[in-house]
Amino acid sequence: MLEIKDLHVSYGAIDAVKGISLHVDEGEIVSLIGANGAGKTTTLHTITGLVPAKSGSITYDGHDLLKTHAEKIITLGMAHVPEGRHVFTRMTVQENLEMGAFSLKDQSGIGRDLEMVFEYFPRLRERRRQLAGTLSGGEQQMVAMGRALMGHPKTILMDEPSMGLSPLMVKEIFDIIVTLRDKGITVLLVEQNAKMALSIADRAYVLETGRITMEGKASDLLHDEQVRKAYLGA
Amino acid sequence: MKKTMLSAAQSYLVCALGVLAAFGVVAFLCETGLADYYIKGIMMTACIAIIMTTSLNLTIGVLGQLTLGCCGFQAIGAYVAALASKLMIANGMGLDPTTRFLITTLLGGVVACVFGILIGIPALRLHGDYLAIITLGFGEIIRVVIQNLKVAGGMGLDQGAAGQALIGIDRTANLYVVFWIMVVSVAVLFMFGRSRYGRAVKAIRDDEIAAGASGLNTTYLKVLVFAISAFFAGIAGGIFAQYIGSLNPSMAGWLNSINYVIMVVFGGMGSITGSIVSAVGLTILPELLRAFAEYRMLVYSVVLVLVMIFRPQGIFGSWEFSLPQVVNRLLLRNPKAAAQEKAASEAGSETSDESGAAVAAASAASKKEA
Amino acid sequence: MSEQTQPILKAEHLGITFGGLKAVSDFTMTINAGELIGLIGPNGAGKTTVFNLLTGVYKPTEGDFWLDGEHMNGKKTYQVVRAGIARTFQNIRLFKQLTVEENVLVAFDESFSYHLGGAIFRTPRFWRQEHEMHEKAMDLLKIFDLDGLASTQAANLPYGQQRKLEIARALATGMKLLLLDEPAAGMNPTETEDLLRCINVIRDRFGVAILLIEHDMSLVMRVCQRIQVLDYGRTIASGTPEQIANDPQVISAYLGADDHLVEGEGDDIVKSLQGAKETEAANGTNGTNGTNGGER
Amino acid sequence: MTDQLIMFVSQLFNGLKIGSVYALVALGYTMVYGIIRLINFAHGDFIMVGAYVLMLTIPAIVALGLPAWLAVVPAILVCVAVGVIVEKAAYKPVREKGNSMTALITAIAMSLLLENGAQAVFGADFQTVPTIFHLPSLAFGKLHLAGDTLLTIAIGVCIMVGLQLFVKFTRQGKAMRAVSEDKEAATLMGINVNSTIALTFAIGAGLAAVASLMYCAAYPQASPTMGAMLGLKAFVAAVLGGIGSIPGAMVGGLAIGLVESLTKAYIGTLTAGIITSAFSDAIVFAILIVVLLVKPSGIMGKNEGEKV
Amino acid sequence: GCDGGNMNYPSGASAVITGDTIVIGSVTTNSGSAAAYGEAELQGFQLAVDEINAAGGIDGKQVALESMDDKGDATEASNAFNKLAGDANVVAVAGPTISATTAAIAPLADQTQLVTISPAATSDSIETGGYLFRTCFKDSYQGEVAARFAAENLKVKKVAVLYGTGDPYSSGVGEAFAKAAEELGLEVVAKESSSSADDTEYSAQLQKIQAAGAELLYAPYYYSVAGPYIIPQARSVGFDGYVMGPDGYDGLKLTGDKSQYDGTFYTTHYSADDESNSKVQDFITNFRKKNGSDPNTFSALGYDTIYMIKQAIEEAGDNLTRAAVRDAVAGMEFEGVTGSFTMDKSGSPTKTVIVLELKDGKPTYNTTIQPK
Ligand SMILES: Nc1ncnc2c1ncn2[C@@H]1O[C@H](COP(=O)(O)OP(=O)(O)OP(=O)(O)O)[C@@H](O)[C@H]1O
Ligand SMILES: Nc1ncnc2c1ncn2[C@@H]1O[C@H](COP(=O)(O)OP(=O)(O)OP(=O)(O)O)[C@@H](O)[C@H]1O
Ligand SMILES: CC(C)C[C@H](N)C(=O)O
Ligand SMILES: [Mg+2]
Ligand SMILES: [Mg+2]
């Protein structure tokens with residue numbers, strides 16, 4: 001479904017991603033873990049065209065993403081829950097969610113989709129008329145997540161979706177991710193919370209300073225000594 | 001701080017020698033007559049521009065607040081100095097011209113500073129483009145008020161129609177004196193920038209809320225910076241009045257203020273040496289372009305756009321030219337040691353190089369969220 | 001030992017309303033010297049708002065608070081900080097273009113005694129103090145392993161070190177009460193361990209009181225002596241970690257019961273705390289790994 | 001009606017006339033500022049471009065037997081082209097590499113370029129623009145209200161309502177709002193950021209062309225620097241109303257027009273001659289300052305209070 | 001010593017200028033909002049220089065014009081002037097354009113001993129008579145003549161003044177008119193002002209003037225303001241009395257209905273209808289040929305300025321020094337398109353003033369007022 005080959009990305013003189021290759025198959029949850037600054041966010045940004053690649057290739061559903069405009073990539077059925085939430089601060093919660101459906105040709109189902117998001121995040125229903133900028137950090141994270149779901153994505157990239165969420169919310173978010181997978185949606189998940197990420201993922205990659213150092217079935221990595229030491233704090 | 005071969009005292013000495021050398025060049029040109037009225041006029045204009053630009057840089061580059069009203073303060077300083085000089089002469093105060101020049105210029109600075117405080121206290125509650133527009137507004141108000149003050153027009157102090165030029169100001173500005181005023185101004189701004197005040201002001205620029213949460217009285221510091229900028233603008237105005245000999249209210253207009261803002265950005269925000277280079281450069285550039293006659297303003301604007309596109313951080317970025325550092329490099333004959341020294345000073349430099357600035361700008365742009 | 005007559009912080013019935021929304025109401029808390037207290041609660045419960053109230057960012061619409069007996073209502077942020085409350089932010093707020101050392105020096109500002117004249121004329125006092133402060137800053141940075149990065153621009157630090165620098169900067173203000181807003185957010189467990197070590201060092205070395213907001217239960221439950229839980233702006237529970245972990249209201253509003261497909265990060269610790277108290281009850285209700293949570 | 005009342009009412013209308021021109025220009029500022037946070041100093045000069053196009057095309061259009069105001073069509077086309085070219089050639093590269101200050105200087109430079117370019121082409125002298133409207137004025141007793149005053153006001157209101165609806169309800173309008181808030185997130189919604197910005201510039205420049213039509217109808221001449229002060233006043237109007245807010249631009253423009261006209265008429269009498277009508281510009285700025293100090297985001301602006 | 005830094009020392013400019021060509025400098029405002037006037041003057045300078053060269057130059061030497069732009073800014077003007085003054089070949093300077101820049105040049109001209117003739121800087125406050133001269137009459141003189149014309153020829157009793165405070169010219173003439181009018185026994189029923197001399201909206205002030213019952217409005221503004229704004233707006237608030245203006249009305253831009261300009265008079269330097277002055281028709285024909293448009297008063301003044309310089313150079317003859325040229329200008333008798341005059345001691349000409357009246361939009365000769 002999504003395939004990255006020998007990708008290099010740099011910011012000026014800083015090489016952030018140094019030749020990674022990975023693939024995500026349809027209907028999988030693939031998790032990308034690694035320390036701060038390893039290049040996880042950069043990888044996701046490159047997939048959705050926010051950051052240009054230096055070399056390598058990314059193909060998605062037969063499309064060459066490095067040759068596709070960022071906004072076109074979204075219309076291919078990709079969604080990206082960005083790190084740092086990036087909600088539209090001066091729009092209301094509901095307007096934010098509606099923006100999520102921007103790329104859909106058929107706008108008739110928006111009402112139903114809103115209901116779905118409000119089912120997932122009842123808190124947002126209460127706050128639907130509040131400006132998103134005044135929401136608490138966790139509430140904004142819910143908006144970002146809900147907004148991504150509004151576009152009926154086939155594939156969803158999530159960058160630390162659990163950051164700043166209460167334990168209960170974290171569990172719910174992971175529940176949602178599993179549910180999405182069960183509905184046939186492909187998920188590429190970046191998480192600091194490696195333990196939970198690995199426990200729901202099918203496969204996983206470990207990224208260290210721009211290179212993939214380990215890959216395999218998530219359950220294997222979860223029990224790998226090295227991984228446990230470095231990322232699970234055990 | 002930087003590890004250098006020179007001690008702090010030695011560094012200051014090197015700088016002082018550099019300044020003396022610069023003065024030597026100016027004096028040589030003047031004494032030998034190599035510099036005629038034209039060249040001297042340009043040097044004088046450049047000195048005024050340096051004072052304006054470096055002090056404006058404190059507000060725009062270091063504090064990070066855009067103001068478009070600096071010429072309002074310059075005009076206040078100019079009119080105050082001019083009127084004071086006229087009063088002194090009219091009352092037969094037998095001061096020698098240089099003393100009178102210094103007193104009136106200082107007075108211009110002080111009055112401008114007072115206005116700076118009065119305007120700064122309310123205005124600095126606003127930020128960014130709102131502050132820009134409000135300072136522009138204050139500049140325009142100053143212009144209109146001067147324009148309608150009888151005392152500011154005509155020949156004498158109490159006659160003449162409002163809106164007239166104020167003429168017949170004793171032209172006592174002396175290039176040597178002005179040069180040293182410029183040096184002192186720049187030195188004061190430099191010392192200010194490299195002290196706890198400068199650090200605090202930069203902190204406010206980077207994050208005002210965090211600055212408050214670090215115990216800084218942000219309002220006080222912002223007004224202080226504004227007042228210092230206004231003071232030096234007033235000084236520049238006092239010099240201008242007694243160089244040019246006649247004043248017009250339109251000098252307070254926003255278009256003039258914008259000119260100085262252009263100089264600051266062109267030189268590199270936060271870089272004093274950048275401001276100096278750009279003040280001198282942009283004073284000379286239009287003169288060089290005189291050959292292009294009617295197209296010179298076209299050329300000027302194109303040059304400006306091109307610089308902004310290809311060197312958006314200005315010529316110097318936030319880098320400071322430092323004579324002691326150059327000396328250090330020369331002193332280190334051993335190339336290996338020199339390389340090490342260079343690496344150390346670059347890594348340790350509090351000013352960022354080109355890519356550093358670009359990174360900062362990019363990340364500032366991308367991380368604008370809540 | 002901590003039987004002091006006067007608490008460091010006393011907050012009584014603090015409250016604030018944003019356009020009809022009661023973000024915090026009737027917030028009451030006392031913190032004694034050297035205590036480490038946790039403030040937890042669901043997202044949007046009003047925790048950050050409490051910090052904003054205590055640091056003068058917002059003015060409380062009701063209630064009062066005292067620092068060391070001094071009434072603090074209506075004080076400006078910098079006055080509050082000088083009086084002795086320092087904080088970090090949920091979204092990191094460093095002075096990005098300043099160096100690591102300068103970030104700390106800025107917070108030392110109040111300890112400088114030279115003034116404009118001293119700066120401009122470079123008086124001996126200027127040199128002496130700049131030197132002293134440099135030493136002090138380096139000492140402080142050393143605690144956080146940041147001394148080697150003293151002249152790096154703050155923006156270029158990795159995330160975890162930015163968090164630590166923010167704490168170092170807060171310490172430099174010389175406060176009595178330190179407010180930490182989700183310091184472990186975005187950190188992986190290894191980094192969180194390191195943070196935990198720092199917090200312990202701070203408490204031991206500086207003897208300050210700490211109020212900690214955090215969603216990482218493994219951290220909160222391990223370091224906090226007492227925990228206060230907010231929901232919808234109101235305090236729904238307060239007590240020892242053990243009491244909190246077993247409070248049914250806290251479980252349903254915040255910690256979450258076990259009807260989830262996945263288990264949470266802090267669950268081990270919470271569970272062990274719960275287990276210590278009432279093993280039977282916990283087992284009795286949620287014995288099986290139910291798979292019926294997907295509908296939620 | 002008494003003479004006093006007639007004077008008052010006609011001053012009111014006068015203020016509304018110039019105010020609605022300010023409002024039209026301010027709308028363009030607000031649109032552009034809203035989306036890229038740039039004070040487009042060249043916006044006033046777009047009006048100058050429009051005025052020259054009107055001056056050149058009206059004779060041809062009248063010769064074809066068409067009404068003179070149709071010249072607004074070529075004016076719009078040219079202004080839109082200029083606006084989009086300025087954006088693509090100068091603002092876009094600077095936006096990608098520089099900061100807000102660099103962008104501001106670029107805008108000032110573009111303004112200088114347009115003014116001096118126009119001077120190179122048309123000369124520095126003022127040129128008369130042919131009469132555009134031949135509207136009868138409405139008479140109520142001794143009170144005369146010029147037809148074009150009423151028309152300017154009507155057009156201003158229509159455009160404001162139209163824009164507001166456009167931004168609120170159309171796809172492109174929503175895209176504009178999203179881009180103005182967060183370009184990265186907007187991209188992730190499937191919005192083409194660059195074409196959205198270009199569209200905004202096109203709309204802004206088109207509005208400038210309409211403004212130049214109304215302006216030239218009232219003040220029929222063109223000169224290279226005509227846009228500078230007009231642009232500044234309109235920008236002040238936009239800020240006064242709350243920059244980024246479309247109704248704000250309208251309210252701000254009308255408010256400034258009214259303040260100008262009423263101070264010119266009454267300030268001398270009110271202050272017993274101490275402050276004369278010559279202070280009208282200063283008073284406009286003073287009011288702006290007072291409003292901003294009381295309500296820092298302008299009359300209709302949303303408070304963007306940063307959440308800590 | 002500090003003398004080298006002195007910006008105010010006199011220079012000995014008694015050296016004999018011996019170039020193959022005669023260089024005349026010019027400083028005009030060619031960019032910014034006053035550019036139109038500078039451009040017009042420059043066209044006048046250039047026409048005169050071309051004519052002189054075509055006719056064989058001055059004393060057999062060709063004339064070169066070295067022109068500088070001052071952007072309407074005092075500093076730029078001094079730099080430009082200093083550049084010319086530094087060039088020993090420059091014999092004289094024509095310019096600057098506006099009073100604001102001329103005021104800044106005045107001390108420099110004296111100090112560098114370079115004769116400078118401003119075609120149109122009319123402000124009274126400018127010190128002339130040293131090395132600075134002007135081709136035009138002064139504001140006070142013009143305002144006074146206008147008041148006399150209003151009282152004696154138009155026989156009005158109630159007058160009103162409207163002027164722009166931003167501009168020395170507008171306020172200078174306006175104040176002078178008001179003062180003279182009062183001295184002549186006229187009643188000044190309203191004295192209004194605008195923020196600047198290039199506002200576009202004057203109806204508020206005009207309405208008050210109308211309400212005050214003025215029979216004549218004196219509005220000293222430039223042609224670019226009076227034509228499209230002041231006069232139509234005055235008519236639209238119902239004012240149907242006389243409108244009078246200064247030489248700035250020359251080249252008035254008319255808009256809309258021409259009849260609204262009926263009853264407009266202005267004082268100026270020359271009249272295109274003046275059959276008695278043969279120079280005028282030649283000037284207009286040649287100007288049209290060269291520039292394809294009609295000259296305005298500023299071009300005419302510029303044109304005369306160059307011829308004044310030519311006359312002075314010829315008078316100086318072989319002893320061509322800056323000082324000699326200055327002495328030749330002082331007290332010079334000159335006949336040009338803007339009239340015949342004597343340059344008085346104070347550096348301003350005593351000239352006849354011509355009053356034109358707009359009839360059906362066309363400026364037509366009304367009368368000539370002789371100097372007192
Ligand atoms: N806009 C940028 N400009 C310059 N360098 C950047 C930029 N964004 C990231 N980097 C650098 O690229 C490297 C990889 O960063 P990235 O954000 O992809 O890491 P990450 O794995 O997502 O880390 P985190 O866990 O902190 O989110 C880091 O060294 C970082 O400093
Ligand atoms: N300036 C404001 N204007 C309007 N509402 C606000 C403002 N600040 C906070 N709120 C609201 O108050 C509530 C509490 O916010 P706060 O940031 O304190 O939550 P929190 O407990 O820190 O949550 P989180 O754990 O997600 O950070 C939220 O619902 C938020 O939307
Ligand atoms: C060219 C003219 C507009 C100059 C004007 N008479 C002045 O003195 O300023
Ligand atoms: Mg990341
Ligand atoms: Mg919070």
Side-chain angles (χ1 to χ4, degrees), chain D residues 3-4 6-8 10-11 13-15 17-18 21 112 115-116 119-120 123-132 134 137 142 144 146 149 215-216 218-226 228-230 233 257 260-269 273 276-284, chain E residues 28-40 42-43 69 71-72 162-166 170-171 190-208 210-211 222-225 227-229 232-233 236-238 251-257 291 293 296 298-299:
Chain D
D3 283 358
Q4 279 299 315
I6 288 177
M7 164 117 178
F8 182 73
S10 42
Q11 280 324 311
F13 269 85
N14 231 324
K17 174 182 69 175
I18 182 72
V21 173
L112 282 176
E115 281 174 23
N116 289 286
Q119 190 184 326
D125 201 1
F126 297 79
Q127 315 242 4
T128 305
V129 176
T131 312
I132 295 172
H134 302 271
S137 60
K142 273 164 93 185
H144 291 261
T149 303
Y215 187 77
C216 288
Y219 311 107
Q221 65 181 354
S223 78
T225 51
M226 65 184 284
M229 197 62 190
L230 175 65
K233 290 257 184 73
E260 259 185 29
S261 135
L262 294 178
T263 49
K264 279 177 190 168
Y266 295 110
I267 194 79
T269 333
T276 64
S277 47
F279 280 88
S280 67
D281 280 357
I283 289 167
V284 166
Chain E
T28 47
T29 301
N30 300 92
S31 34
S33 56
Y37 315 113
E39 299 276 85
L42 202 52
Q43 285 176 335
D69 175 14
K71 297 196 214 157
L162 171 65
Y163 63 80
T165 51
S170 186
S171 51
K191 209 166 136 187
E192 293 290 324
S193 52
S194 58
S195 263
S196 70
D198 53 9
D199 270 8
T200 50
E201 189 58 60
Y202 300 86
S203 349
Q205 292 99 319
L206 289 167
Q207 203 157 31
K208 287 166 84 177
Q210 156 71 2
Y222 298 119
Y223 61 91
S224 53
V225 172
Y229 311 147
Q233 285 171 17
S236 88
V237 302
L252 210 61
K253 306 273 176 190
L254 307 188
T255 53
D257 179 10
N291 298 299
S293 59
N296 66 14
F298 303 108
S299 297

Asks: Where is the tightest heavy-atom contact between E:Ala36 and D:Ala124, given as atom of each residue plus distance?
Replies: N-CB, 3.5 Å
Asks: Starting at OH of D:Tyr219, measure out to OG1 of E:Thr255 and round the result to the nearest 0.5 Å.
Replies: 12.5 Å
Asks: Name the member of D:Ser10, D:Ser261, D:Ala228 that forms the most heavy-atom pairs with chain E at distances under 4.5 Å.
Replies: D:Ser10
Asks: What part of E:Ser203 gets within 4.5 angstrom of chain D, counting heavy atoms only: side chain, backbone, both, or neither?
Replies: both
Asks: With side chains defined as the heavy atoms from C-beta onward, is the minimum distance between D:Lys264 and E:Glu192 less than 4.5 Å?
Replies: no
Asks: Measuring from D:Leu112:CG to E:Ser31:OG, what's the distance to the nearest 0.5 Å?
Replies: 9.5 Å
Asks: Applying side chain to side chain donor-acceptor pair (under 3.5 Å), name anything that partners E:Asn291, two or more places apart in sequence or on another chain.
Replies: none
Asks: Quick one: OH on E:Tyr223 to CZ on D:Phe126, what's the gap to the nearest 0.5 Å?
Replies: 6.5 Å
Asks: What distance do D:His134 atom NE2 and E:Asp257 atom CG have between them, rounded to the nearest 0.5 Å?
Replies: 11.0 Å
Asks: E:Gln210 versus chain D, heavy atoms under 4.5 Å apart: side chain, backbone, both or neither?
Replies: neither
Asks: Working to the nearest 0.5 Å, report the span between CG of D:Asp125 and CD of E:Glu39.
Replies: 9.0 Å
Asks: Between D:Gln119 and E:Asn30, is there a donor-acceptor pair closer than 3.5 Å when you use the side chain of the first and the backbone of the second?
Replies: yes
Asks: Top residue by heavy-atom pair count (under 4.5 Å) with chain D, among E:Ala34, E:Ala211, E:Ser193, E:Ala40?
Replies: E:Ser193
Asks: Could you measure the distance from the CG atom of E:Asp199 to the CE atom of D:Met229? Nearest 0.5 Å is fine.
Replies: 8.0 Å
Asks: Could you tell me which portion of D:Asn14 (side chain, backbone, both or neither) has an atom closer than 4.5 angstrom to a non-hydrogen atom of chain E?
Replies: side chain
Asks: Would a distance-only check, ignoring hydrogens and angles, find a side-chain to backbone donor-acceptor pair under 3.5 Å from E:Lys253 to D:Gln127?
Replies: no
Asks: Test of understanding: with side chain to side chain donor-acceptor pair (under 3.5 Å), list the residues that count as partners of E:Tyr202, not counting sequence neighbours.
Replies: none
